S.K.: 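I have a structure I would like to understand better, so I am pasting it below and will then ask my questions one at a time.
Values in this document were obtained by computation on a predicted structure and should not be read as measured data. Quick note: residue numbers are just sequence positions, from 1.
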Amino acid sequence: MGKSIFARVVTLFFALGLCAATAASAQNLELLMVEDEGCVYCAQWHAEVGPEFPITPEGQTAPLRQTDIDDPLPDGVTLARRAVYTPTFVLLKDGAETGRIEGYPGEEFFWFLLGQLIDAAG
């Protein structure tokens, strides 16, 4: 007997994830999260999105890098302008900003906006 529908879907998602990971290494995309201790919206993002982020196609395409708003920028990172709000999510291509999401608009809208940034960078 052949694979169940569930097994085929899991295989497809795994294959898509590998494609996304390959695309990420080719594009050198990262998502920089600028946050601050005590930021309730940062905590909300970490609760709603954080655990699943690394296993999503977006998370594999643009792995997360975190920094505190008061810390110097990581080496090799260039922003168009300084982050003022937390959280600020900056999509980086080869270390340079290609777009950003200022604030956390909720889980569903976050994924939508991130998808747009990744599409525009690719």
S.K.: Could you tell me which non-hydrogen atom of Thr67 sits nearest to which non-hydrogen atom of Pro74, and how far apart they are?
M.R.: OG1-CD, 4.3 Å
S.K.: Look at the side chain of Arg100 and the backbone N and O of Arg81, then say whether any donor-acceptor pair between them is shorter than 3.5 Å.
M.R.: yes
S.K.: Could you grab the distance from atom CD of Glu97 to atom OG1 of Thr78, nearest 0.5 Å is fine?
M.R.: 9.5 Å
S.K.: Quick one: does any side-chain atom of Lys93 pair with a main-chain N or O of Ala121 as donor and acceptor, under 3.5 Å?
M.R.: yes
S.K.: Calculate, to the nearest 0.5 Å, the distance between atoms CG and OG1 belonging to Asp68 and Thr86 respectively.
M.R.: 8.5 Å
S.K.: If you round to the nearest 0.5 Å, how far is SG of Cys39 from OH of Tyr85?
M.R.: 13.0 Å
S.K.: Run the side chain to side chain donor-acceptor pair (under 3.5 Å) test against Glu107 and tell me which residues pass, sequence neighbours left out.
M.R.: none
S.K.: Is Thr98 reaching over with its side chain to a backbone N or O of Leu91, donor-acceptor style, under 3.5 angstrom?
M.R.: yes
S.K.: How far does CD of Gln66 sit from CG of Leu31, to the nearest 0.5 angstrom?
M.R.: 9.5 Å
S.K.: Suppose we screen for side chain to side chain contact (heavy atoms under 4.5 Å, CB included). Which residues come up paired with Asp119, at least two apart in sequence or across chains?
M.R.: none
S.K.: With side chain to side chain contact (heavy atoms under 4.5 Å, CB included) as the criterion, how do Val49 and Trp111 come out once you've worked through the C-alpha distance, each side chain's angles and the decisive distance to 0.1 Å?
M.R.: CA-CA 9 Å; Val49 176; Trp111 289 117; 3.4 Å; yes
S.K.: Return the minimal non-hydrogen interatomic distance between Leu73 and Val77, and the atom names on each side.
M.R.: CD1-O, 3.9 Å
S.K.: Out of curiosity, does Phe89 fall in the hydrophobic cluster containing Val40 (side-chain heavy atoms, cut-off under 4.5 Å, transitive links)?
M.R.: yes
S.K.: Which atoms form the tightest heavy-atom contact between Cys42 and Asp36, and what is the distance?
M.R.: SG-N, 3.9 Å
S.K.: For Leu64 and Met33, run side chain to side chain contact (heavy atoms under 4.5 Å, CB included): C-alpha distance rounded to whole Å, both residues' side-chain angles, the deciding distance at 0.1 Å, then the answer.
M.R.: CA-CA 7 Å; Leu64 184 67; Met33 179 181 183; 3.7 Å; yes
S.K.: When you check the side-chain N and O atoms of Tyr41 and Glu35, is any donor under 3.5 Å from an acceptor?
M.R.: no
S.K.: What heavy-atom pair brings Leu114 and Glu58 nearest, and what distance separates the two atoms?
M.R.: CD2-CB, 3.8 Å
S.K.: Closest approach of Pro87 and Tyr104, non-hydrogen atoms and distance?
M.R.: CG-CB, 3.8 Å
S.K.: What do the steps show when you test Leu92 against Leu79 for side chain to side chain contact (heavy atoms under 4.5 Å, CB included), and what is the final call?
M.R.: CA-CA 8 Å; Leu92 304 170; Leu79 301 184; 4.2 Å; yes
S.K.: Do you know the tightest heavy-atom contact between Ala83 and Ile69?
M.R.: O-CD1, 3.6 Å
S.K.: Among all residues two or more places apart in sequence or in another chain, which pass the side chain to side chain contact (heavy atoms under 4.5 Å, CB included) test with Pro105?
M.R.: Ile101, Phe109, Phe110, Leu113
